[in-house]
Amino acid sequence: MELESIIQSSIPTWSSVCILVSYLVYLGLAGSLLPGNDVPGALLQDGTRIRYRCNGLLTLFLLIALLLFGVVFKFISPTVIADRGLELLSTTFCFSVLVTLILYVTGCNSRAKGSSLKSHATGNLIHDWWFGVQLNPHFMGVDLKFFFVRAGMMGWLFINLSVMEKSYKDGSLGQSMILYQLFCALYILDYFCFEEYMTSTWDIIAERLGFMLVFGDLVWIPFTFSIQGWWLLRNNVELPKAAAVVNVLVFLIGYRIFRGANKQKHDFKKDPKAPIWGMPPKVIGGKLLASGYWGVARHCNYLGDLLLALSFSLPCGASSPVPYIYPIYLLILLIWRERRDESRCAQKYREIWSEYCKLVPHRILPYVY
């Protein structure tokens, strides 16, 4: 009966479709209409740049205000996401499949010659559907790759807030849930405060938009990254004070490395002569930064990301591996991505990359990997 109930609650309904569509339509309109910094993206092979309107923080605050208005006047329940979690998960998954099939068909039929919309179809349906055919497809002037990342990050926050409200109503809101919610909220708010840094990440610059990215942004980020919250909703964990302090330190160290490394890379791409840690940057071949965090490890930002992911799971204690699905998955993903990145950089920079690897021998964690 329990399995039957789970299956029944996972079937998409018109209500879940309306919630998802309303959410995406709002993000599309707010992203296009609200003021924000106009940030140029990376230089593409054809010499063009995509310009991104970075107004995610304003978009987020306005949506929170609208939802609070709806809650106060009882137009919407604050636990609607927590109550319909599986239903919204399956609805979003179906939407991801549909969108990526449309992207595949339109991409294969594209005759554009520019870097953003040029077709990179290989003829292998599974490969092209998974990795995507076009670099920067757009819809009604909205860059879909940037849009889906924003939707996933905000979705993660709203799932967490709904779960926390349900925990409060159930009388189970405790220290562990508060720590988890605080760390995630700070991380997500930080993302939108520095949203323009996203424009220089590997996903935006190099990855084509296929099922891998769409599913990752719309389904995996919000619904998998929030597993700890769902788990704490059903399991009471009391952390010793020492464990809570260690948890906070892991978050702070991870944040410092993650944000510092990404900021150094972004600033370097804007101004290759900008000081790093108060000193002139060391640059290999005029292209590769080998100072600061990027002189410690070739993918030091991944280390920060992994420590942050671990800090989201530590409030759950050590009684179950379930809350650690996210950091374990992230470790596998980042090692796989690091290997792909290394291969592409070796082909692109050749002897310059070899020189950089000799100068910075560690990949992610110094003296370990």
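Just so we're clear, the structure is a prediction, and the values are computed from it rather than from any experiment. Only this structure's heavy atoms are used, side chains among them; waters, hydrogens and symmetry mates stay out.
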For [X] and [Y], I'd like to know if the aromatic rings sit close, meaning centre-to-centre distance below 6.0 Å.
| X | Y | answer |
| --- | --- | --- |
| W231 | Y180 | no |
| F211 | Y104 | no |
| Y187 | F258 | yes |
| W156 | F223 | no |

Do you see a donor-acceptor pair shorter than 3.5 Å between the side chains of [X] and [Y]?
| X | Y | value |
| --- | --- | --- |
| E238 | S176 | no |
| D46 | T48 | yes |
| N160 | S226 | no |
| Y52 | N37 | no |
| H120 | Q134 | no |
| S313 | Q228 | yes |

Checking [X] side chain against [Y] main chain: does a donor-acceptor pair fall under 3.5 Å?
| X | Y | answer |
| --- | --- | --- |
| E195 | L57 | no |
| T79 | A82 | no |
| T59 | N55 | yes |
| S162 | P78 | yes |
| D128 | G123 | yes |
| T100 | V97 | yes |
| T106 | L103 | yes |
| R49 | G41 | yes |
| T91 | V17 | no |
| N247 | S311 | yes |

Sort out for me which residue in L86, L88, I81 forms a side-chain contact (heavy atoms from CB on, under 4.5 Å) with R84.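 Testing each of L86, L88, I81 against R84, the sole residue satisfying side-chain contact (heavy atoms from CB on, under 4.5 Å) is L88.
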Student check: side-chain heavy atoms of [X] and [Y] closer than 4.5 Å:
| X | Y | answer |
| --- | --- | --- |
| L330 | Y302 | no |
| T199 | I50 | no |
| N136 | K145 | yes |
| Y349 | E355 | no |
| C54 | F146 | yes |
| N262 | R259 | yes |
| F268 | V283 | yes |
| L135 | S116 | no |

Check whether more than 12 heavy atoms from other residues, nucleotides or ligands sit under 6.0 Å from atom CZ of R51, and answer yes or no. yes
Heavy-atom count around K269 NZ within 6.0 Å, excluding the residue itself: above 12?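 For K269, atom NZ is crowded (more than 12 foreign heavy atoms under 6.0 Å).
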Between [Y] and [X], does any NZ, NE, NH1 or NH2 come within less than 4.0 Å of an OD or OE carboxylate oxygen?
| X | Y | result |
| --- | --- | --- |
| K166 | D83 | yes |
| E338 | R298 | no |
| D203 | R337 | yes |

Holding to ring pair (Phe, Tyr, Trp, His ring centres under 6.0 Å), I want the full list of residues that pass it with F148, two or more places apart in sequence or in another chain. none
I'd like to know whether Y191 forms a ring-ring contact (aromatic ring centres under 6.0 Å, His included) with Y197, so could you lay out the CA-CA distance, the side-chain angles of the two residues, the decisive distance to 0.1 Å, and finally the verdict. CA-CA 9 Å; Y191 171 87; Y197 292 179; over 10 Å; no
Parallel under 30°, tilted from 30 to 60°, perpendicular over 60°: which one fits the rings of F93 and F215?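 Ring orientation of F93 relative to F215: perpendicular.
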Name the orientation class of the two ring planes belonging to Y356 and W353 (parallel below 30°, tilted from 30 to 60°, perpendicular beyond 60°). tilted
Take Y326 and W220 through the test ring-ring contact (aromatic ring centres under 6.0 Å, His included) and record every step on the way to the result. CA-CA 10 Å; Y326 169 37; W220 193 260; 8.8 Å; no
Residues in salt bridge (charged side-chain N to carboxylate O under 4.0 Å, His left out) with R208, at least two apart?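 Once residues adjacent in sequence are excluded, R208 has no partner under the salt bridge (charged side-chain N to carboxylate O under 4.0 Å, His left out) criterion.
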For R340, the salt bridge (charged side-chain N to carboxylate O under 4.0 Å, His left out) test, sequence neighbours excluded, returns E207
When hydrophobic residues are tied together by side-chain contacts of less than 4.5 Å, even through go-betweens, does L33 share a cluster with V39?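 No, L33 does not connect to V39 through the hydrophobic network.
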Just do the ring-ring contact (aromatic ring centres under 6.0 Å, His included) check on F251 and F183 with the steps written out, would you? CA-CA 7 Å; F251 173 80; F183 294 155; 4.6 Å; yes
Step by step, work out the side-chain hydrogen bond (donor to acceptor under 3.5 Å, both in side chains) result for N301 and Y293. CA-CA 8 Å; N301 56 327; Y293 291 104; over 6 Å; no
Drop me the distance from L239's CG to L179's CG, to the nearest 0.5 angstrom.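 Going from the CG atom of L239 to the CG atom of L179 covers 7.0 Å.
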